[in-house]
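As structure tokens, the structure follows; a few thoughts come after it.
Every chain is numbered from 1 and lettered A, B, ... according to where its sequence line falls, protein lines coming before strand lines.
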Amino acid sequence: MLDRKYILANVEEVKTNCVNRGVQCDVDKLVDLETERKEKDLQSQEFNRLANEISKKIGKADPSERETLKEEARSYREKKEAAAKTCDELDAAVHELQLRIPNLSHPDAPIGKDDKDNLEISRGAHLPREFDFKVEDHVEIGERLDLIDFEGGARTTGSGFYFLKNDAVLLDMALQQYAVTQLVKRGFIPMTTPDLAHEDILEGIGFNPRGNETQVYSVENSNLCLVGTAEITLGGLYAKQTFDSEELPVKLCGVSHCFRTEAGAAGRASKGLYRVHQFTKIEMFAYTLPDQSDAVHEELRQIECELFDALEIPYRVVDTSTGDLGGPAFRKYDLEAWMPGRGDAGEWGEVTSTSNCTDYQARRLESRYKVKGEKGTNFVHTLNGTAIACSRAIIAILENNQQADGSIAIPAALHPFMGKDKIAAK
RNA sequence: GGAGAGAUGGCAGAGUGGUCGAAUGCGCCGGUUUGCUAAAUCGGUGAAGGUGUCACAACUUUCCACGGGUUCGAAUCCCGUUCUCUCCGCCA
């Protein structure tokens with residue numbers, strides 16, 4: 001959410017940004033309604049002040065005058081109520097419009113319509129392999145080596161769910177251990193997090209928990225939703241809290257399950273583990289001062305690169321175009337891993353994503369910081385980044401590391417956690 | 001799940017329906033004093049919004065868990081919710 005004052009003071013910039021983001025917002029209407037709201041707010045305050053003034057007199061007043069004064073105060077209160085009611089209605093309307101306005105965009109973010117306009121900025125340390133045998137995709141590998149049971153998932157829970165089996169379980173857990181270990185080394189506080197969260201937290205982070213297009217599962221007869229990422233809970237953790245500026249940046253590493261309905265995704269490339277309704281993810285999250293967020297964003301990107309380099313997975317990094325940023329991100333980098341089994345001859349597939357959301361989420365969630373000795377508080381900046389999304393990392397490892405003999409080589413970084421250096425052929 | 005107690009400023013802890021944004025203590029910031037430190041002493045010290053100012057200042061509204069209600073007026077009275085603590089039960 002953008003600051004209303006900022007919107008009013010920078011109407012043209014905000015409008016242009018909406019166009020670049022490909023989002024339809026009625027900025028003019030917001031400006032009109034907000035202007036009107038401020039007037040009503042002023043009126044309401046003035047009536048309230050007058051009423052308070054009289055009320056204060058009543059206690060000391062001569063009993064004979066009390067009834068008159070009471071009547072006077074009552075009439076002011078009524079006027080105040082009327083103005084306040086209008087003000088509240090306008091406020092709700094403004095808020096609705098305000099929520100739809102996306103964050104501003106980093107000046108260096110490529111301007112474009114969708115993911116085709118994303119700008120490749122670098123490649124990982126490892127190049128895609130040349131295979132001298134026929135490559136299998138991860139679904140075929142998973143079946144041949146008895147690693148993944150999609151049919152069982154569909155039977156018990158539905159299409160898009162799966163059981164991991166045998167060495168895939170060890171691999172899944174090794175990836176988690178590896179990621180957490182690496183992040184702890186880099187000063188992140190490890191946390192396991194709730195897999196459900198209140199709707200208002202989802203909204204604060206920028207998810208829409210309701211509606212046909214929602215990506216979110218919600219629990220009946222409650223205001224709880226299954227989280228789509230630990231970003232939600234880690235971001236909600238400090239809602240309505242105030243940091244001391246000295247303790248920032250705070251860097252957290254969250255382990256959670258992620259649940260996504262993938263509504264509207266039917267028909268998109270979604271074979272096997274690529275687009276599933278549940279997976280496990282190690283997420284990085286940071287709260288920073290405004291002037292730290294750019295640097296921390298680069299740091300998160302760097303960590304993602306290091307993790308995937310250590311996993312020996314070929315990838316490229318893209319700077320996400322304005323049209324593909326989503327609402328809360330000011331700038332976003334994606335790592336796309338090479339997946340030899342995708343498409344006809346392999347394709348890049350998104351495995352991580354890191355966003356600098358500046359104060360967009362913090363404003364909704366009311367996460368602030370205070371500088372010692374300075375008056376008042378400001379909103380923090382929030383950033384998030386995927387360390388490892390297990391399902392997609394597993395795809396990349398199975399497909400890139402398949403061997404001519406049918407086995408799967410396990411990257412050296414995972415040996416200590418996996419307890420073996422390969423998944424043997426059957 | 002049952003019974004009871006509670007929720008007040010950074011913390012601890014008062015609070016009679018009007019003089020309470022809230023005593024007092026601690027902490028914190030600044031001054032004085034003092035070889036240094038400590039102690040003593042004086043002053044200041046919450047947040048969000050609005051009007052206003054070049055910027056201050058000044059003024060003002062709201063906030064004593066949250067949401068309602070009573071009242072001219074609520075931290076204080078009434079109702080609901082949430083959370084915390086203690087005891088009992090159950091349980092991984």
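- Pair assignment for B/rA40: B/rU32, on the basis of Watson-Crick or G-U wobble contacts that are both within less than 3.5 Å.
- With rounding to whole Å, A/K70 atom NZ is found 10 Å from B/rG73 atom C1'.
- The aromatic rings of A/H277 and A/F161 are tilted relative to each other, their planes meeting at an angle between 30° and 60°.
- Under the Watson-Crick and G-U wobble criteria, each requiring two contacts below 3.5 Å, nucleotide B/rA75 is left unpaired.
- Remark: B/rG17 base-pairs with no nucleotide in the shown strands. Criterion, Watson-Crick or G-U wobble with two distances under 3.5 Å.
- Comparing B/rC28 with B/rC63, their C1' atoms sit 23 Å apart, to the nearest whole Å.
- Taking a 6.0 Å sphere around CD of A/E53, one finds it holds more than 12 heavy atoms contributed by other residues, nucleotides or ligands.
- Distance A/F47 CZ to B/rC72 C1': 17 Å, rounded to the nearest Å.
- By the 4.0 Å N-to-carboxylate-O rule, A/E306 lies close enough to A/R186 to be salt-bridged with it.
- In this structure, A/N48 does not reach the B/rU60 phosphate: none of its side-chain N or O atoms is under 4.0 Å from OP1 or OP2.
- Checking A/R368 against A/K57, the closest nucleotide of RNA chain B that is more toward the 5' end is the one next to A/K57.
- Going from the C1' atom of B/rG67 to that of B/rA5 covers 22 Å, rounded to whole Å.
- With a 3.5 Å ceiling on both atom-pair distances, B/rC64 lacks any Watson-Crick or G-U wobble partner.
- For A/I54 and B/rU71, the CD1 to P distance is 18 Å, given to the nearest whole Å.
- Here the separation of B/rA47 from B/rG10, taken at their C1' atoms, is 13 Å to the nearest Å.
- In this structure, of B/rU51, B/rG49, B/rC72, it is B/rG49 that holds the atom nearest to the side chain of A/Q45.
- Between A/E246 atom CD and B/rG10 atom P there is a gap of 16 Å when expressed in whole angstrom units.
- A/K370 has a side-chain polar atom (N or O) that falls below the 4.0 Å cut-off from OP1 or OP2 of B/rA47.
- Because its NZ or CZ atom is not both nearer than 6.0 Å to the ring centre of A/F47 and within 45° of the ring axis, A/R77 does not count as a cation-pi partner of that residue.
- Not a single donor-acceptor pair under 3.5 Å links the side chain of A/T157 to the backbone N or O of A/A154.
- Regarding contacts with the backbone of B/rA48, every side-chain N or O of A/K240 stays at 4.0 angstrom or more from both OP1 and OP2.
- Of the candidates B/rG73, B/rA48, B/rU61, the closest approach to any side-chain atom of A/T377 belongs to B/rA48.
- Ion pair A/E81/A/K85 not flagged as a salt bridge, since none of the NZ, NE, NH1 or NH2 atoms sits closer than 4.0 Å to an Asp/Glu carboxylate oxygen.
- Considering only side-chain N and O atoms, A/R77 lies under 4.0 angstrom from the phosphate OP1 or OP2 of B/rG73.
- In this structure, NZ of A/K80 is placed 9 Å from C1' of B/rU61, rounded to the nearest angstrom.
- If you take atom C1' in B/rU86 and the same atom in B/rG30, they sit 44 Å apart, rounded to whole Å.
- If you measure from atom CD of A/E67 to atom P of B/rC72, you get 8 Å, rounded to the nearest angstrom.
- Atom CG in A/L50 sits roughly 17 Å away from atom P in B/rC59 (whole-Å rounding).
- Side-chain N/O atoms of A/R74 include one lying less than 4.0 angstrom from OP1 or OP2 on B/rC72.
- By the 30° and 60° cut-offs, the orientation of the rings of A/Y162 relative to A/F150 is tilted.
- B/rG15 and B/rA92: their C1' atoms are spaced 45 Å apart (whole Å).
- Nucleotide B/rG27 forms a pair with B/rU45, judged by Watson-Crick or G-U wobble geometry with both contacts under 3.5 Å.
- Comparing the same atom, C1', in B/rA23 and in B/rU60 gives a spacing of 25 Å after rounding to whole Å.
- Taking atom C1' on both B/rG50 and B/rC11, the two are 32 Å apart, rounded to the nearest angstrom.
- Rounded to a whole angstrom, the distance from the C1' atom of B/rG25 to that of B/rU19 is 24 Å.
- Among the protein residues, A/K5 comes within range of the sugar-phosphate backbone only, with heavy atoms under 4.0 Å from sugar or phosphate atoms but none that close to a base.
- Both A/L69 and A/F379 lie close to RNA chain B; mapped to their nearest nucleotides by heavy-atom distance, the more 5′-ward contact belongs to A/F379.
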Kindly indicate, with the supporting measurements, whether the criterion ring-ring contact (aromatic ring centres under 6.0 Å, His included) is fulfilled by A/H297 and A/Y333.
CA-CA 9 Å; A/H297 194 208; A/Y333 300 115; 4.8 Å; yes
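- In this structure, A/K56 places its NZ atom 10 Å from P of B/rC20, rounding to the nearest Å.
- Residue A/I58 is in base contact, counting any heavy-atom pair closer than 4.0 Å across all strands shown.
- When the side-chain nitrogen and oxygen atoms of A/N52 are compared with OP1 and OP2 of B/rU60, none of them lie within a distance under 4.0 Å.
- Taking a pair to require two hydrogen-bonding distances under 3.5 Å in either a Watson-Crick or a G-U wobble arrangement, B/rA3 pairs with B/rU86.
- Side chain of A/R49, nearest nucleotide from B/rU61, B/rG18, B/rA48: B/rU61.
- Nucleotide B/rA58: paired with B/rU51 (Watson-Crick or G-U wobble, both distances less than 3.5 Å).
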